[in-house]
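Below: one structure, written as structure tokens.
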Amino acid sequence: GDSVTQTEGQVALSEEDFLTIHCNYSASGYPALFWYVQYPGEGPQFLFRASRDKEKGSSRGFEATYDKGTTSFHLRKASVQESDSAVYYCALGGPRTNAYKVIFGKGTHLHVLP
Amino acid sequence: EAGVTQSPRYAVLQEGQAVSFWCDPISGHDTLYWYQQPRDQGPQLLVYFRDEAVIDNSQLPSDRFSAVRPKGTNSTLKIQSAKQGDTATYLCASSFTDNNYAEQFFGPGTRLTVL
């Protein structure tokens with residue numbers, strides 16, 4: 001079945017460091033790819049999505065590029081802030097014909113130290 | 001615009017007790033999802049609806065879990081005879097399916113502890 005793999009369970013950085021969180025997927029067809037962020041005590045929030053090869057999604061300084069060749073959608077940010085500390089989820093979703101079933105990865109805890 | 005609301009925010013039960021969770025999606029959103037999120041894990045889909053119809057409930061753990069959305073708006077998720085393994089946060093999300101790959105909007109969740 002379809003799946004999402006996030007390599008890092010925890011990432012610890014200092015402010016202004018460069019961030020990369022790796023996301024690889026396995027799916028039939030051509031899924032949409034998403035990044036969500038979750039703060040303590042809240043539900044996940046949509047960051048952005050991409051739905052075709054080489055498309056770049058971005059929001060709040062975060063970005064990721066859909067790469068069908070390497071089946072990846074890695075999250076990057078040039079300079080992290082303490083307020084970016086949260087859990088980040090990569091997810092994939094089917095097109096309309098698959099009734100929008102969305103599968104989440106296990107998440108990556110980002111800790112940004114001041 | 002109001003977001004997705006859920007109640008209660010917290011619930012503590014003894015094994016064998018029943019509990020219901022309630023979700024009010026964003027107005028106009030036709031699709032509603034229920035997820036289970038164990039501690040330190042990603043959301044895991046339980047069931048989802050398009051309007052009042054169940055699209056997929058294959059991930060509901062057992063006959064102890066049930067979900068309804070009778071008028072295509074609010075929804076209730078019920079656990080009969082809760083077990084310690086049901087301890088998790090239960091998240092509700094909604095989306096509007098007019099466009100492909102619609103993003104989901106999540107409520108704050110209900111944190112369930114089964115003793």
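In what follows, chains carry the letters A, B, and so on, assigned in the order in which the sequence lines appear, proteins first and then strands, with residues in each chain numbered from 1. Note: hydrogens, waters and symmetry copies are ignored here, and every other heavy atom, side chains too, is used. Computed from a predicted structure; not experimentally measured.
- At a threshold of 4.5 Å between side-chain heavy atoms, the hydrophobic network of Ile, Leu, Val, Met, Phe, Trp and Tyr places A:Val11 and A:Val80 in one connected group.
- Taking 4.5 Å as the limit, some side-chain heavy atom of B:Pro43 sits within range of a side-chain heavy atom of A:Tyr89.
- Of the listed residues A:Lys106, A:Gln6, A:Glu42, the one with more heavy-atom pairs under 4.5 angstrom with chain B than any other is A:Lys106.
- Taking hydrophobic clusters as Ile, Leu, Val, Met, Phe, Trp and Tyr residues chained together by side-chain heavy-atom distances below 4.5 Å, B:Val114 does not share a cluster with B:Tyr35.
- Hydrophobic clustering (side-chain heavy atoms under 4.5 Å, transitive across Ile, Leu, Val, Met, Phe, Trp, Tyr) groups B:Leu60 together with B:Val54.
- For residues 10-44 of chain B, every residue pair satisfying the disulfide bond (SG atoms under 2.5 Å apart) rule, not counting sequence neighbours, is listed here: B:Cys23-B:Cys92.
- Contacts of A:Val87 with chain B are absent, with no heavy-atom separation under 4.5 Å from either backbone or side chain.
- Only the backbone of B:Gln41 comes within less than 4.5 Å of a heavy atom of chain A; no side-chain atom from C-beta onward does.
- Residues that satisfy the salt bridge (charged side-chain N to carboxylate O under 4.0 Å, His left out) test with A:Asp84, not counting sequence neighbours, are A:Lys77.
- With a 4.5 angstrom heavy-atom cutoff, A:Gln38 touches chain B only via side-chain atoms.
- Two residues are said to be in side-chain contact when any heavy atoms from C-beta on lie closer than 4.5 Å; B:Glu103 and A:Tyr36 meet this criterion.
- Hydrophobic clustering of Ile, Leu, Val, Met, Phe, Trp and Tyr side chains at less than 4.5 Å, counting indirect connections, keeps B:Phe65 apart from B:Tyr33.
- Of all heavy-atom pairs spanning B:Leu91 and A:Pro44, the tightest one is CD1-CD, 3.9 Å.
- In this structure, no portion of B:Phe105 lies under 4.5 Å from any heavy atom of chain A.
- Rounded to the nearest 0.5 Å, atoms CD (B:Gln44) and CZ (A:Phe104) are 11.0 Å apart.
- B:Val47 and A:Ile103 are not part of a single hydrophobic cluster, where members link through side-chain heavy atoms under 4.5 Å apart.
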